[in-house]
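So the structure is just underneath, and the comments pick up after that.
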Amino acid sequence: VLASARGLVVIRERNLELARSLNPNVRYIAHPFEAPRVRPDQARPMNAVSISRLDWDKHTHILVEANRLLPREKRVHIYGAENRLYTHHKLSGIDPDWRRNYCGSFSRSSLLAGHAIAAQAQWVVDMSAIKGDGGGTQYTFLEALAAGAGLVLNAKWFLAEGGAMRAGENCLAAGSAAELAEILLLDTAHLQEEEARYRNRHGKTKHQPAEPLYTLDDARKAIEHLHR
C-alpha cells in the first residue's frame, strides 16, 4: 500500500529515510500543531505533570520513582491512559500507592486536553525513550512548550547528531529518577526565592519579611540526601 500511494507525508524526520525507501514521493512536514496562547500570568497550581501514556516505552516508572523522592507538593501529577499489565507489574512493584499521584486519562473529546493540563503546571515531564526513534518532537512536547511550561525529557531521547529537541535550549534532560527530582527541586526552590523577593519589594505579604517555603540551600541538602 505504501509503495503505491501518492502524496504521502511523514511528520517524524526519523521515519523519512525508511518511508522513502518504500516510496520516493514521501514528503516530510514538521508536526502540524496550533494551540491557543497562554497568558503570562496563567495560574499554575501544579509543579509538574505528565501527559503521556503509562507504558513501557514511556518509562512512567521513572516518574513513580521520582515521586517517592519528592515532597508531596512537588510530585509529578500523572495523566494518561494506562497499559494495565505495565502498571500492575511495573509501577505497583515500585510503589503500591503510586495511584495517589495518578489523575486518570484526560478527555478524548478535545485535541487540546493535553495542552490545557500543561498550562496548569510549571513543568511537563516526558520520559519517552523509543527504540529506533528520538531527537524529534512529539505532540506532548509541543503541547508543553505552547502552554509555556518547562519541558523535561529522557536523556535517551536525544540524538548524537542533533535533532529538533536540544537539552539546555528548548528542554532539559534527566537520565534517572534522582536527576528528575533534582531538576524539579532546584527550579522550584529558585521560584520560591524569587516570589519572596518580589512580595517583599512590593509589600505584597502578610509576613514581615516574606520567606520562601524552602530555599536553594534546602533543595541542595535534599538532593545530597537523594544521592546517598
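A distance-only check finds no donor-acceptor pair linking the side chain of Arg27 to the backbone of Val9 [under 3.5 Å]. Arg68 contributes a side-chain N or O that, together with a main-chain N or O of Ile94, makes up a donor-acceptor pair within less than 3.5 Å. One N or O on the side chain of Asn170 and one on the backbone of Ala164 form a donor-acceptor pair closer than 3.5 Å. No side-chain donor-acceptor contact under 3.5 Å links Asp55 to the backbone of Asp57. Of the possible donor and acceptor atoms, one in the side chain of Thr87 sits under 3.5 Å from a partner among the backbone N and O of Arg84. Without hydrogens or angle criteria, Asn83 side chain to Tyr86 main chain gives a donor-acceptor distance under 3.5 Å. Here the side chain of Arg20 pairs a donor or acceptor atom with the backbone of Val26 at under 3.5 angstrom. Listed for the Tyr139 side chain is no donor-acceptor partner under 3.5 Å among the backbone atoms of Gly114. Between the side chain of Trp157 and the main chain of Gly136, a donor-acceptor pair closer than 3.5 Å is present. Between the side chain of Arg44 and the main chain of Ala119, a donor-acceptor pair closer than 3.5 Å is present.
Hydrophobic clustering of Ile, Leu, Val, Met, Phe, Trp and Tyr side chains at less than 4.5 Å, counting indirect connections, unites Tyr102 with Trp56. Hydrophobic clustering of Ile, Leu, Val, Met, Phe, Trp and Tyr side chains at less than 4.5 Å, counting indirect connections, unites Met46 with Leu145.
To the nearest 0.5 Å, the span separating CD1 on Ile78 from CG on Asn101 amounts to 6.0 Å. Interatomic distance, Ser128 OG to Ile130 CD1, rounded to the nearest 0.5 Å: 5.0 Å. One distance of note links CG of Asp97 with CG of Asn67; it measures 12.0 Å at 0.5 Å rounding. We find the CG-CD distance between Leu91 and Glu65 to be 9.5 Å, quoted to the nearest 0.5 Å.
Contact of the Phe158 side chain with the Cys171 side chain is registered, since non-hydrogen atoms from C-beta on lie closer than 4.5 Å. Put simply, the side chain of Leu153 reaches to within 4.5 Å of the side chain of Met165, judged on heavy atoms. In this structure the side chain of His115 never reaches within 4.5 angstrom of the side chain of Leu142, judged on heavy atoms. Between Glu73 and Asn47, every side-chain heavy-atom pair lies at or beyond the 4.5 Å cut-off. With contacts defined as side-chain heavy-atom distances shorter than 4.5 Å, the pair Cys103/Ile117 does not qualify. Contact of the Asn154 side chain with the Ile62 side chain is registered, since non-hydrogen atoms from C-beta on lie closer than 4.5 Å. Here the side chains of Val49 and Val125 are not in contact, with every heavy-atom distance at 4.5 Å or above. Counting heavy atoms from C-beta outward, His77 and Ser50 have side chains that stay 4.5 Å or more apart.
What you find for Ala113 and Ser107 is that their closest heavy atoms are CB-O, 3.4 Å. For the pair Ala155 and Ala173, the tightest heavy-atom approach, listed with the atom from each and the gap, is CA-CB, 4.2 Å. The two atoms that bring Thr60 and Leu54 nearest to each other are OG1-CA, 3.3 Å, heavy atoms only. Between Val64 and Trp98, the closest heavy-atom pair is CG1-CB, 3.9 Å. Nearest heavy-atom pair across Asp95 and Arg100 is OD2-NH2, 3.2 Å.
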Report task. List the steps and the verdict of side-chain hydrogen bond (donor to acceptor under 3.5 Å, both in side chains) for Ser52 and Lys58. Result -> CA-CA 7 Å; Ser52 302; Lys58 297 299 181 180; 4.8 Å; no

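Remark: His61 NE2 is packed, more than 12 non-hydrogen atoms of other residues, nucleotides or ligands lying under 6.0 Å away.
Just one residue in the list Ile183, Asp126, Val76 forms a side chain to side chain contact (heavy atoms under 4.5 Å, CB included) with Val152, and that residue is Ile183.
Between Arg99 and Glu82, at least one side-chain nitrogen of the basic residue sits less than 4.0 Å from a carboxylate oxygen of the acidic one, meeting the salt-bridge criterion.
Ring-plane geometry between Phe106 and Tyr79 is classed as tilted, the angle between the planes lying from 30 to 60 degrees on a 0 to 90 degree scale.
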